[in-house]
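Worksheet: the structure to be examined is printed underneath.
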Number of protein chains: 2
Amino acid sequence: MKKTPRKSDETRTRILDAALALFRERGFERSTMREVAQSAGMAVGAAYYYFDSKDAIVLAFYARAQAEMSAGIAESLDRATTLEARLRAVIERKFEYFRPNRRLMGALSAHADPEHPVSPFGKETRAIREEDVALFERAVTESGVKLPDTVRPYLARLLWMYQMGLILFWVYDNSAGQKRTELLYEKTLKMLLVTLKIARLPLLRPLHRLAGELLQVIYS
Amino acid sequence: MKKTPRKSDETRTRILDAALALFRERGFERSTMREVAQSAGMAVGAAYYYFDSKDAIVLAFYARAQAEMSAGIAESLDRATTLEARLRAVIERKFEYFRPNRRLMGALSAHADPEHPVSPFGKETRAIREEDVALFERAVTESGVKLPDTVRPYLARLLWMYQMGLILFWVYDNSAGQKRTELLYEKTLKMLLVTLKIARLPLLRPLHRLAGELLQVIYS
DNA sequence: GTCTATATGGAGATAGAC
DNA sequence: GTCTATCTCCATATAGAC
């Protein structure tokens, strides 16, 4: 809507870049706003003029990440047909993008409280989250999976939660090359696919009836 | 091992009680160590002499909670026979105990990082955690459930995780009387029991084979 | 609107009194 | 060992220069 306010945008980007470089190098906790400001070549107050808080910088990183990944993911989704391939397209792109930034992601996972401005579950992050859920919805819809009506409407949001769990585990996974996360991902993905495949068997009726009743209230 | 060092124990308890009262009233975040110390009638340094950090106070609360609950839970377990009743005995006692302390529990759930001294997943909290897992092990063992060998050894730890998830959800559940958590609990507990009941069906073989492979690496 | 300089209040550390 | 007084460092707020 605005007439390209170039100068301030450039400054904002400079702060963000400086901060991210620092956070990547030393981790979020051990970096100070003074260092961020100095590294960006300005006073602390200037950094606060552009970002409400230290956390807000991480939030900006997420917004940027989302923007930079979405086109590529959409393309990958166009090429993949099976549900497995489509889910992998979304999830693996995320990990690829986040890999160099693992040390700064702890900042986010520290805020489970939805009231906190940078919680991934709060209203401040709703736009990013819904865009993200939409990717999973696309992955599911165009793969043509059949699921009981009780859980089908919630599947994309459940997959988003699943992905958040994976990322959380990965952030604190200190095994070499995060091999444990790799395994967690591979095994749970298979389990998920098997579960979806057999979900409509009459035997499992009681399970998705319960799940449906639950989801209806949780997501309301 | 020590000869009852009464004086320091009394001071420590006084600080803990003052802190918990404050945390309950105003929440953990909004309370300061200065207030805690003043409320306990001493200088800030004294509080730090007894507790390494503000977080450490919450940790002490957990240790106390564990100690105060375990006898009662053990008794309840002696009276309950079915797996459902036994699991309820453990889980519901926790919620009953924690209910007046909901506002101070946010402190704990904020530390997913196992490296952090007060993370529920770190080594500093191992003793409490293992004692807690042992309660679930008792609940399962003496209920005589039959499960595939692939997952049976991990069941208690999985149930502990399940409980942690419930508590986390509950801490940030602002619905009246935490009704949503109530529902989450009732529905997922039923789902869990149904799942365990049908777990040995040949149809589900691929699922617990995968689960077994996963758990073996995750818990190692 | 953009940014600097300076202030505030809190967690935690430390020196040393007793 | 127990505790007070004081210090440091940080996130964040604010006054006001340009």
Side-chain angles (χ1 to χ4, degrees), chain A residues 1-20 22-23 26-61 104 106-108 110-111 113 116-119 124, chain B residues 1-19 22-23 25-60 104 106-108 110-111 113 115-119 124:
Chain A
M1 298 307 168
K2 294 217 203 81
K3 286 283 180 66
T4 59
R6 277 175 302 109
K7 174 73 178 308
S8 67
D9 268 8
E10 198 261 310
T11 308
R12 200 186 141 89
T13 302
R14 190 152 46 94
I15 297 167
L16 182 54
D17 288 339
L20 295 182
L22 260 169
F23 295 170
R26 310 238 289 264
F28 177 79
E29 313 281 1
R30 276 187 298 272
S31 309
T32 74
M33 284 298 277
R34 280 160 180 75
E35 293 169 323
V36 168
Q38 193 183 8
S39 171
M42 65 192 67
V44 194
Y48 275 97
Y49 176 71
Y50 288 98
F51 296 95
D52 286 344
S53 68
K54 196 177 159 189
D55 288 314
I57 298 178
V58 180
L59 195 57
F61 164 71
L104 76 83
L108 187 268
H111 301 289
D113 184 355
H116 194 289
V118 302
S119 165
E124 290 85 353
Chain B
M1 300 308 167
K2 293 217 205 82
K3 285 285 179 66
T4 58
R6 278 178 300 113
K7 174 75 178 305
S8 68
D9 268 8
E10 198 261 310
T11 309
R12 200 185 142 90
T13 303
R14 190 152 46 95
I15 297 166
L16 182 54
D17 289 338
L22 259 170
F23 295 169
E25 194 182 326
R26 310 238 289 265
F28 177 79
E29 313 281 0
R30 275 186 297 273
S31 309
T32 76
M33 282 300 275
R34 280 158 180 74
E35 292 169 324
V36 168
Q38 194 184 7
S39 170
M42 67 192 65
V44 193
Y48 276 101
Y49 175 72
Y50 287 98
F51 295 95
D52 286 345
S53 68
K54 194 177 160 189
D55 288 315
I57 297 179
V58 181
L59 194 57
L104 74 85
L108 186 266
H111 300 290
D113 183 356
E115 302 292 329
H116 194 288
V118 302
S119 165
E124 291 84 353

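Atom set for the values below is all heavy atoms of this structure, side chains included, hydrogens, waters and symmetry mates excluded. Quick note on labels: first sequence line is chain A, next is B, and so on, each numbered from 1.
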**Contacting residues from residues 47-59 of chain B, given that a heavy atom lies under 4.0 angstrom of DNA chain D** = B:Tyr49, B:Tyr50
**Message:** Is it the case that over 12 heavy atoms from other parts of the model lie below 6.0 angstrom from the CG atom of B:Asp17?
**Reply:** yes
**Item:** Rounded distance (nearest 0.5 Å) linking atom NE2 of A:His116 with atom CD of B:Glu29
**Value:** 7.5 Å
**Asked** Can you find a pair of side-chain heavy atoms, one from A:Val36 and one from A:Lys54, that are under 4.5 Å apart?
**Response** no
**Prompt:** How are the rings of B:Phe23 and B:Phe28 set relative to one another: parallel (under 30°), tilted (30 to 60°) or perpendicular (over 60°)?
**Reply:** perpendicular
**Short side-chain to backbone donor-acceptor contact, A:Arg30 and A:Arg26, under 3.5 Å** = yes
**Rounded distance [0.5 Å steps], CG in B:Asp9 versus CG in B:Leu16** = 11.5 Å
**Prompt:** Below 4.0 angstrom from OP1 or OP2 of C:dT2, is there any side-chain N or O of A:Ser8?
**Reply:** yes
**Prompt:** Quick one: A:Arg14 CZ to C:dT2 P, roughly how many Å, whole number?
**Reply:** 13 Å
**Message:** Take a 6.0 Å sphere around CD of A:Glu124 and say whether it holds more than 12 heavy atoms from other residues, nucleotides or ligands.
**Reply:** yes
**More than 12 heavy atoms from other groups under 6.0 Å of CD on B:Glu35** = yes
**Item:** Strand contacts (DNA chain C) in residues 26-46 of chain A, 4.0 angstrom heavy-atom criterion
**Value:** A:Met42, A:Ala43, A:Gly45, A:Ala46
